[in-house]
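Keep in mind that the numbers below use all heavy atoms, side chains included, and drop hydrogens, waters and symmetry copies. Remember, it's a predicted structure, so these values are computed and weren't measured experimentally. Atoms within a ligand are numbered from 1 in the order they appear, just like the ligands themselves.
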Amino acid sequence: MRGLQGDLQTAGFQSEALLAPEQALTLFFARARLLDPKTETVALERACGRVLAKPIVAGAAYPAIARSAMDGFAVRSHDTPAELRIAGEIRMGELWPNALEPKTALRIPTGGALPPGADAVVPIEDVHVAGDRVRVDSAIASGACIVPAGSDMRPGETIVEEGRRIGGAELGVLATLGVVDVPVYTIPMFAILSSGDELVDIRSRPHEAQVRDSNRWALAGKLQALGAAAKHYPIAPDQEAGFEELLRAAIAECDGVILSGGSSVGLRDLTPRLIDRLGAPGVIVHGLKVKPGKPTVLASAAGKPIVGLPGNPSSALMILEAVAAPIVAHFVGARVPAAQVEAKLARPLHKRAGWTHYVPVRLEDAGGVCVAHPLEMHSASVSLLARASGFLTLGETVESVAAGDTVLATRFV
Ligand code: AMP
Ligand code: MG
């Protein structure tokens, strides 16, 4: 019986039929009929870290009128050079009521509103003041030392794009424009469902043949880093009854489901079979031409994605980040490219042509040069990715990379 199961497992995937990750994702998005991401409005005070669901457009010119860029004197440029009468002092936050008269100047602070008639500011260090007179020795160009109206934001101009994660700079714009109710994408909730009879809760002490269910925490952490949230479901057994029940609850209650384990083609690999019972289109991709992570399932039902990850810890986490991240991103709404860094490869790498390899690397700053140290891939390792800082994606056509070659490493989110 064991022999039969083993044979089925290795005989299962037809390598020639497997898709590269990009092709698999294209097929998935074409067939999955995913729901649109949800949106909501949050107070500006709670918007940090969220993803903007609508572009932020300036409703009016900013600044509303020209301001001084220096401490000095507001002047009419064509009066200069000249000795001008100081007609008064503009204060911060105040509008000067009258037009600046010919041959006069007004004291103005940095950021002060330029009075009508003035078109330039002469910095205090460039003039000579005596009593109520100020002497300007050179010809001042129109527009000198002023911040023109609308020079920061023009009315109707899109300032922050939809899909941008809101941080300090974006909050500054929202606050300036008075956008106190911010349209954001709702943080999607992904169900996490680990399956396997060998799994025990993290607070239990496993005997030698058991393992703590670490994947759910690893996957939940990665989901959070990708901008999603995780809802934990109990450990599913390697039998249809209890497993199917949990899966049905997960798809009903969450925006998507991430499964760990049971995704291969063995008799006890229930994930693909149970997913197909949830509705159309069901399993779209089963098996990827990648290492690690071949036994991956991409599926959907009721407009919600279902990702079946292999139980091997390094494979599960790597596939979630390297392959399934765009599926999560569809609901998160963020259009943030992965952080990539150029590095020199520390030792040569050889791989199987036709396959995509994800190679974990430890990145080291060697005196201003980033060096990528490849780590040996062990799918079953729990510690591997915690020792790495990112990974290399070696595409189908690559067969080897020489030591010292420049490679593009993707930092983990
Ligand atoms: P499977 O993909 O179900 O064949 O699982 C492959 C291996 O991954 C198992 O033998 C376990 O050692 C390990 N594994 C599966 N699920 C988990 C999990 N939730 N946490 C940690 N290790 C797991
Ligand atoms: Mg299993």
Chemist: Check whether any N or O atom of D213, backbone or side chain, sits under 3.5 Å from an N or O atom of ligand 1, and answer yes or no.
Modeler: yes

Chemist: Any side-chain donor paired with an acceptor under 3.5 Å for E396 and T356?
Modeler: no

Chemist: Within the 4.5 Å heavy-atom criterion, are T296 and V290 side-chain neighbours or not?
Modeler: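 Side-chain contact under 4.5 Å: no.
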
Chemist: For V382, which part has a heavy atom under 4.0 Å from ligand 1: side chain, backbone, both, or neither?
Modeler: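 The answer is neither; V382 stays 4.0 Å or more away.
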
Chemist: I'd like to check which ligand 1 atoms, numbered from 1 as shown, lie under 4.0 Å from a non-hydrogen atom of R212.
Modeler: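 By the 4.0 Å cutoff, the relevant atoms are 20 (N), 21 (C).
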
Chemist: Geometry only, no angles: is G262 polar-contacting ligand 1 at N/O separations under 3.5 Å?
Modeler: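 Between G262 and ligand 1, an N or O pair is found under 3.5 Å apart.
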
Chemist: Numbering the atoms of ligand 1 from 1, which are under 4.0 Å from a heavy atom of S214?
Modeler: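 Answer, ordered by atom number: 20 (N), 21 (C).
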
Chemist: Would you mind finding which of S379, G311, G266 brings a heavy atom closest to atom 13 (C) of ligand 1?
Modeler: G311

Chemist: Is it the case that the side chains of N215 and S194 hold a donor-acceptor pair, with the cut-off being a distance below 3.5 Å and no angle test?
Modeler: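 Their side chains do not contain a donor-acceptor pair, so the 3.5 Å distance test is not met.
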
Chemist: Could you work out, with ring-ring contact (aromatic ring centres under 6.0 Å, His included) as the rule, every residue matching H232, not counting sequence neighbours?
Modeler: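 ring-ring contact (aromatic ring centres under 6.0 Å, His included) list for H232, sorted by chain: W217.
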
Chemist: Taking only residues two or more places apart in sequence or in another chain, which ones pass salt bridge (charged side-chain N to carboxylate O under 4.0 Å, His left out) with R248?
Modeler: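 Applying salt bridge (charged side-chain N to carboxylate O under 4.0 Å, His left out) to R248 gives E244.
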
Chemist: Pairs of nitrogen or oxygen atoms closer than 3.5 Å, one from R216 and one from ligand 1: do any exist?
Modeler: no

Chemist: As an exercise, identify every atom of ligand 1 less than 4.0 angstrom from a heavy atom of P313.
Modeler: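 Contacts of ligand 1 toward P313, numbered from 1: 22 (N).
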
Chemist: Taking 4.0 angstrom as the limit and counting only heavy atoms of S260, give me the atoms of ligand 1 inside it, by number and element.
Modeler: 16 (N), 19 (N)

Chemist: Side chains of K344 and T406: any donor to acceptor distance under 3.5 Å?
Modeler: yes

Chemist: Of all the atoms in ligand 1, which lie at a distance below 4.0 Å from a heavy atom belonging to S194?
Modeler: 19 (N)

Chemist: May I ask you to list the atoms of ligand 1 that are less than 4.0 angstrom from any heavy atom of N312?
Modeler: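 Numbered from 1, ligand 1 contributes 6 (C), 7 (C), 8 (O).
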
Chemist: Do any nitrogen or oxygen atoms of S263 come within less than 3.5 Å of a nitrogen or oxygen of ligand 1?
Modeler: no

Chemist: Identify the residue among S263, S379, S260 that makes a side-chain hydrogen bond (donor to acceptor under 3.5 Å, both in side chains) with S315.
Modeler: S379

Chemist: Find out whether the Lys NZ or Arg CZ of K222 is both under 6.0 angstrom from the six-membered ring centre of F412 and within 45° of the ring's axis.
Modeler: yes

